[in-house]
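Structure first, commentary second.
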Amino acid sequence: MDTAALTATAEALVAPGKGILAADESSGTIKKRFDSIGVESTEDNRRAYRQMLFTTPGAADHISGVILFDETLRQSADDGTPFSKLLADQGVIPGIKVDTGAKPLAGSEGETVTEGLDGLRERLAEYRELGARFAKWRATYTITDDLPSNYCYEVNAHALARYAALCQEAGIVPIVEPEVLMDGTHTIERATNVTAHALEALYRALFDQRVYLPGTLLKPNMCLSGYSATTQASDDQVAAATLKVFGYCVPAAVPGIVFLSGGQTDEQATARLNRMNQMGPHPWQLSFSYGRALQAPALKAWGGKPENLGAAQAAYAKRARLNGLARSGDYTPEMEAA
Ligand code: 13P
């Protein structure tokens, strides 16, 4: 295993002022996004939309890597340049989502286990040939009065670690994503407690399965009040609770924590990351790997029409720039109006 190369890639993904664009929506998810703007989810529309993002002028100043879906890694721009080359030529590292989705967990109503280990070694070898240098695997945990179960923490941690070990063998940096879903009426304290359990099980499994932590990144949720909770924690409370749990559970050998946005508004995702970086220094880089929070305004401005390309790219460039500023705590809400 080339540990130096893995470390170099992981560190490049969390370089100062930069973060990751998650553009790896599965076929079902991208259809939902396109439905919201009244655009049919055809292969060419998906290609045109991703091309709009990947050719945005200036985005590479703030975007270190892009997570792609299998289909996108095999697609090319209008001029025939493969997307992976188009990105790499701008200094943006191509990544790939490799799990095959969260499936019902046998014997535990309401919980999921993420699948995709069968044939993963062979798929990773092909993805590396196609230009991918990092990967993502997402496990999800639902909060109710009784869930998650210990069973759910353990099986998802085990699968995440098996995936991570296979990635490193293939020379690919694994991003491990344990996502505690924020649907529900629970308090921020409950979300914090569940996040701690998910992280504890994950880092135990990574240790047991001999995963080289400096060659990994963690992609977690922030600790939030349930979206339907009557009392919503403030940005300061979110930042403090999140930092506390990561301080307890994430080894300092991990180079970076790249948060998912998970349904927060664009501005909340930026402001909370900014606040956490203002509370530093921390043992790890605190960055972003946002899907919706980087893309939502661009998707809306695009609307599937070629003539909206400039407006869509401007919307994406703005979110990339503001999140880039949040990496050093230099974002202010007033910048939203500019
Ligand atoms: P969101 O930022 O939209 O949550 O997406 C990030 C992601 O990749 C979830 O797996």
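Order of listing sets the numbers, starting from 1, for every ligand and every atom in it.
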query = Would you call R47 and E43 a salt bridge, using N to O less than 4.0 angstrom?
reply = no

query = Under 4.0 Å between a Lys/Arg side-chain N and an Asp/Glu carboxylate O for E336 and R319?
reply = yes

task = Report the nearest protein non-hydrogen atom to atom 2 (O) of ligand 1: residue, atom name, distance rounded to 0.1 Å.
result = S261 OG, 2.5 Å

inquiry  = What protein heavy atom lies closest to atom 4 (O) of ligand 1? Include the residue and the distance to one decimal.
reply    = G262 N, 2.7 Å

task = Let me know which of V180, N221, L199 forms a side-chain contact (heavy atoms from CB on, under 4.5 Å) with V194.
result = V180

Cationic N near anionic O, under 4.0 Å, E25 to R292 = no

message = Among all the protein's non-hydrogen atoms, which is closest to atom 5 (O) of ligand 1, and how far away is it?
response = G291 N, 3.5 Å

request  = Check the angle between the aromatic planes of F34 and W302 and answer parallel, tilted or perpendicular using the 30° and 60° thresholds.
outcome  = tilted

Distance from atom 9 (C) of ligand 1 to nearest protein heavy atom, with residue and atom = E177 OE2, 3.2 Å

request  = Give the atoms of ligand 1, by number and element, whose distance to some non-hydrogen atom of Y290 is under 4.0 Å.
outcome  = 2 (O)

inquiry  = Using a strict threshold of under 4.0 Å (side-chain N to carboxylate O), is an ion pair present between R74 and D70?
reply    = yes

request  = Using a strict 4.0 Å cut-off to heavy atoms of S289, name the atoms of ligand 1 that fall inside it.
outcome  = 6 (C)

message = Quick check on side-chain contact (heavy atoms from CB on, under 4.5 Å): which of L286, I257, V238 does L243 satisfy it with?
response = L286

Atom 10 (O) of ligand 1 - nearest protein heavy atom and its distance = K136 NZ, 2.6 Å

query = Which one holds for R292 and ligand 1: side chain close, backbone close, both close, or neither close, with close meaning a heavy atom under 4.0 Å?
reply = both

key: Closest approach of any protein heavy atom to atom 7 (C) of ligand 1, naming residue and atom   = K219 NZ, 3.1 Å

